Amino acid sequence: MLRLLFTLLLLLPLATQASEGEFFLTAKPAEQASLLETWAAQPDAARLPLLENLRQGRIAENDTRKLRLNNRLRGLIDNTLASHQLLSDQANVRLVAAQQLQKTAQPAQMAFLDRRFASEPDAAVHAALGLALANLQLGASEPAVRLAAVRLLGETGDPLARTRLEALLQPDAETDAAVRIAAETSLAQVQRKLLVGELLGQAFSGLSLGSILLLAALGLAITFGLLGVINMAHGEMLMLGAYSTYMVQVLLQRYAPGAIEFYPLIALPVAFAVSAGVGMALERTVIRHLYGRPLETLLATWGISLILIQAVRLIFGAQNVEVSNPAWLSGGIQVLPNLVLPYNRLVIIGFALAVVLLTWLLLNRTRLGLNVRAVTQNRNMAACCGVSTGRVDMLAFGLGSGIAGLGGVALSQVGNVGPDLGQSYIIDSFLVVVLGGVGQLAGSLWAAFGLGIANKLLEPQIGAVLGKILILALIILFIQKRPQGLFALKGRVID
Amino acid sequence: MKRRSLIKAFTLSASIAAMGLSWSIQAAETIKVGILHSLSGTMAISETSLKDMALMTIDEINAKGGVNGKLLEPVVVDPASNWPLFAEKSRQLLTQDKVAVVFGCWTSVSRKSVLPVFEELNGLLFYPVQYEGEEMSPNVFYTGAAPNQQAIPAVEYLMSEDGGGAKRFFLLGTDYVYPRTTNKILRAFLHSKGVADKDIEEVYTPFGHSDYQTIVANIKKFSAGGKTAVISTVNGDSNVPFYKELANQGLKATDVPVVAFSVGEEELRGIDTKPLVGHLAAWNYFESVDNPVNQKFVADWKAYAKAKNLPGADKAVTNDPMEATYVGIHMWAQAAQKAGSTDVDKVREALAGQSFKAPSGFTLTMDKSNHHLHKPVMIGEIQDDGQFSVVWQTEEPLRAQPWSPFIPGNDKRPDYAVKGN
């Protein structure tokens with residue numbers, strides 16, 4: 001009965017779209033599913049707009065009735081839409097469609113794919129379609145077809161191809177000896193390619209984690225590393241930076257929705273200014289009275305951090321706030337079939353390196369940097385030479401805090417923005433600075449990337465929890481052996 | 001001599017005042033109820049709204065005249081996400097403030113920490129959050145879901161055709177008692193459904209974990225081996241980086257659906273949900289449930305948030321534990337009314353079989369013996385506005401099985417509350 005209805009619908013050329021849509025809307029999920037499967041096997045270009053609307057959860061653009069979809073139907077709609085998009089006259093649309101079909105095509109679509117494959121003019125689409133077809137041909141009855149398909153699948157680095165080949169190699173799955181041998185070679189090929197992707201992926205996650213650690217620790221490398229202030233409120237500077245990003249996002253949403261795409265860029269100077277301002281105010285009012293008394297500094301900055309957390313909690317609430325990734329920081333670039341590099345992480349790695357470079361230039365190529373280095377190396381002598389040490393202290397502390405603010409902007413793009421944000425990074429930051437060697441920018445750089453990569457190499461083997469414990473144990477051992485860290489300041493400077 | 005006349009004068013004036021002004025008696029004779037939720041620390045994100053919901057419910061009951069002619073007086077304490085402090089604060093509530101009942105706790109570890117105190121002092125605790133079961137104390141009433149009212153139906157849905165027909169399961173959780181016990185139950189359940197160990201992967205992360213690159217990459221790898229679903233018992237704000245990473249690495253709900261047991265409307269407030277459409281959550285209530293009781297509940301909450309100027313009041317949402325808090329307080333009030341007293345033993349007796357028309361659209365009943373609510377199960381899909389749309393639900397409320405039949409030895413447990421379990 002249903003099938004008859006479907007055929008009738010397919011036979012109606014006039015007003016097909018509207019009535020198909022109406023029918024779809026009222027059908028039960030199981031009927032909708034079989035309808036989609038039928039459409040996928042026999043695409044009709046006129047149905048394209050309907051499918052695109054179905055994907056948005058409606059049957060027509062101006063129709064307000066909401067379509068109830070579940071994941072199964074969404075998957076079928078994607079597959080059917082791809083099937084229809086093969087009829088498009090744009091090669092790039094067809095390419096995306098063919099790639100989708102590699103994942104989802106069903107045996108019923110084979111006849112249609114065969115026809116498109118034969119008539120496809122574009123080389124890239126032709127190849128992609130060939131792979132989609134090969135997946136289906138693994139189940140073909142003639143050994144020669146299966147053999148060709150197996151050989152073709154060996155060319156890809158697709159994780160799905162591995163699963164399919166493995167299934168073929170199960171005992172009594174494939175009877176033809178030649179196909180079995182070809183499948184074994186193809187499987188080995190695919191596995192090699194997948195391994196490359198996996199290793200690259202691990203290296204990338206290590207770099208990415210390292211860049212995040214670096215951004216979190218860089219401010220501390222100045223306030224603790226150079227100035228020697230055990231700054232427990234460092235984490236809260238990160239938090240202020242992240243909240244500045246949130247404020248910029250909210251204000252832009254309200255007053256300049258056109259510029260919202262670029263709010264993280266606008267947030268950078270704002271976050272720097274806010275954190276640097278708060279940092280300088282703290283230095284002038286509290287920390288300056290505590291120089292040379294590390295224990296009191298520790299307690300005072302700890303207290304300050306609690307005050308800042310509670311202040312933020314009172315203003316913004318205990319809940320995390322929503323900082324969304326702009327479109328250009330969402331998604332990722334597909335490098336290999338099993339390797340996606342997310343844009344936000346790529347940008348953060350670049351940003352971290354840029355901030356290190358700027359900080360290094362500032363400390364080594366400007367007058368302020370010269371003064372800072374002079375004061376940290378020998379305060380009395382610098383004062384004798386006419387350097388206003390108080391002012392330099394304030395500016396250096398502001399610089400460190402400001403850089404922490406910049407780190408906060410980056411952190412807001414990967415993690416949570418809440419009053420406790422800083423608490424989760426303060427330990428890691430101290431680890432990086434201590435491991436790298438107090439007073440050394442380069443040390444922090446190496447320590448951050450080293451920790452990130454070590455962490456990511458250990459995690460797949462022993463899990464996140466044990467990995468973290470092991471890393472901490474290793475650091476303790478290392479510090480025992482080498483209390484001065486990776487890079488030690490040489491000479492008389494340590495008094 | 002002088003002193004005696006003074007006392008006399010006082011008694012006299014007091015009794016006159018008592019006769020003349022009946023409201024002052026009421027004000028003096030209130031019923032104290034304790035509210036034990038973390039208002040600071042890591043759990044503040046989830047528990048603060050439960051405290052506010054409890055206060056709103058108490059206001060609502062007081063507006064109708066209170067319980068047994070007395071008004072309720074909330075005593076709010078802050079255990080600061082510090083598990084031992086939970087025990088200390090509950091002892092203080094029971095012995096110093098002498099509260100009639102306590103509403104509180106979120107994490108299982110905090111509940112385990114206060115349990116001995118409530119059993120020793122014969123207090124009464126209402127626990128409003130879904131949990132792992134394996135507990136049934138005579139001093140606690142559980143208004144959240146037991147595993148058979150949340151986890152197991154969710155997995156059954158994932159295995160069904162509409163849920164995508166998952167064959168492989170990636171169990172991802174935060175490393176503490178609730179996820180570990182739940183996953184133990186789920187593993188046994190999956191075995192009973194014929195899923196082999198090689199098709200189940202179990203991974204834990206520390207509290208507050210924020211780097212999910214490796215885990216998402218592993219999920220991707222795992223999912224190449226067949227239709228996969230992720231069952232997430234990740235708790236607290238780790239969910240935000242997890243979902244962000246999923247979206248950025250291009251893992252869509254149509255490929256690998258994630259069903260979460262601890263992600264509700266409140267947690268989604270911190271996330272841009274557009275890339276997450278189609279991922280699932282299993283609860284016993286969603287804000288989007290459409291019925292008159294819920295409409296009033298949501299409207300009341302929004303008005304309350306505005307009136308009290310709570311942070312983020314313009315975007316106030318309700319969620320499952322808030323509903324469970326609301327139902328729990330009302331049920332306690334009904335039982336105390338029925339018992340004509342707030343004595344713990346009498347209220348406990350009156351609570352058995354108590355029912356309440358809940359915002360979920362069902363009339364929920366407190367079980368006659370096992371201290372758990374009969375609850376409906378709902379599975380919702382995340383929408384782009386941060387709400388859930390219900391894709392599947394049970395027709396009737398289910399009776400809780402706190403002692404899961406999937407854990408060996410539980411068949412010998414009694415089906416009524418016993419101390420020290």
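This one's a predicted model, so the numbers in the text were calculated from it and none came from an experiment. Naming: A, B, ... by sequence-line order, numbering from 1 per chain.
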Legend entry - Least distance between heavy atoms, B/Gln249 atom then A/Pro342 atom: CG-CG, 4.1 Å
Legend entry - A/Pro460 versus B/Thr214, closest heavy-atom pair with distance: CG-CG2, 3.8 Å
Give, as side chain, backbone, both or neither, the part of [X] having an atom under 4.5 angstrom from any heavy atom of chain B.
{"X": "A/Glu198", "value": "side chain"}
{"X": "A/Tyr343", "value": "neither"}
{"X": "A/Arg345", "value": "side chain"}
{"X": "A/Tyr246", "value": "neither"}
{"X": "A/Ser424", "value": "neither"}

Are [X] and [Y] close enough that some pair of their side-chain heavy atoms sits under 4.5 Å apart?
{"X": "B/Lys244", "Y": "A/Val414", "value": "no"}
{"X": "A/Asn455", "Y": "B/Asp211", "value": "no"}
{"X": "B/Thr254", "Y": "A/Thr104", "value": "no"}

Among [options], who wins on heavy-atom pairs under 4.5 Å with chain A?
{"options": "B/Ser210, B/Gly225, B/Ser223", "answer": "B/Gly225"}
{"options": "B/Ser238, B/Gly164, B/Ala253", "answer": "B/Ala253"}
{"options": "B/Val203, B/Asn248, B/Asp255, B/Thr205", "answer": "B/Asn248"}
{"options": "B/His209, B/Lys220, B/Lys221, B/His279", "answer": "B/Lys221"}

Could you tell me whether [X] atom [atom1] has more than 12 heavy atoms of other residues or ligands within 6.0 Å of it?
{"X": "A/Ile427", "atom1": "CD1", "value": "no"}
{"X": "A/Arg55", "atom1": "CZ", "value": "no"}
{"X": "B/Glu161", "atom1": "CD", "value": "no"}

Heavy-atom pairs under 4.5 Å with chain B - which of [options] has more of them than the others?
{"options": "A/Ser208, A/Gly418, A/Gly332, A/Gly201", "result": "A/Ser208"}
{"options": "A/Val340, A/Asn70, A/Leu194", "result": "A/Asn70"}
{"options": "A/Asn338, A/Asp78, A/Asn71", "result": "A/Asn71"}
{"options": "A/Ala33, A/Gly75, A/Gly331, A/Ser324", "result": "A/Gly331"}

Contacting moiety of [X], where chain A heavy atoms sit under 4.5 Å:
{"X": "B/Val256", "value": "neither"}
{"X": "B/Asp162", "value": "both"}
{"X": "B/Leu310", "value": "neither"}
{"X": "B/Tyr157", "value": "side chain"}
{"X": "B/Glu202", "value": "neither"}

Inset, instruction - Look up atom NZ in B/Lys227 and atom CZ in A/Arg72, then write down how far apart they are to the nearest 0.5 Å. - result: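 One finds 11.0 Å between NZ of B/Lys227 and CZ of A/Arg72.
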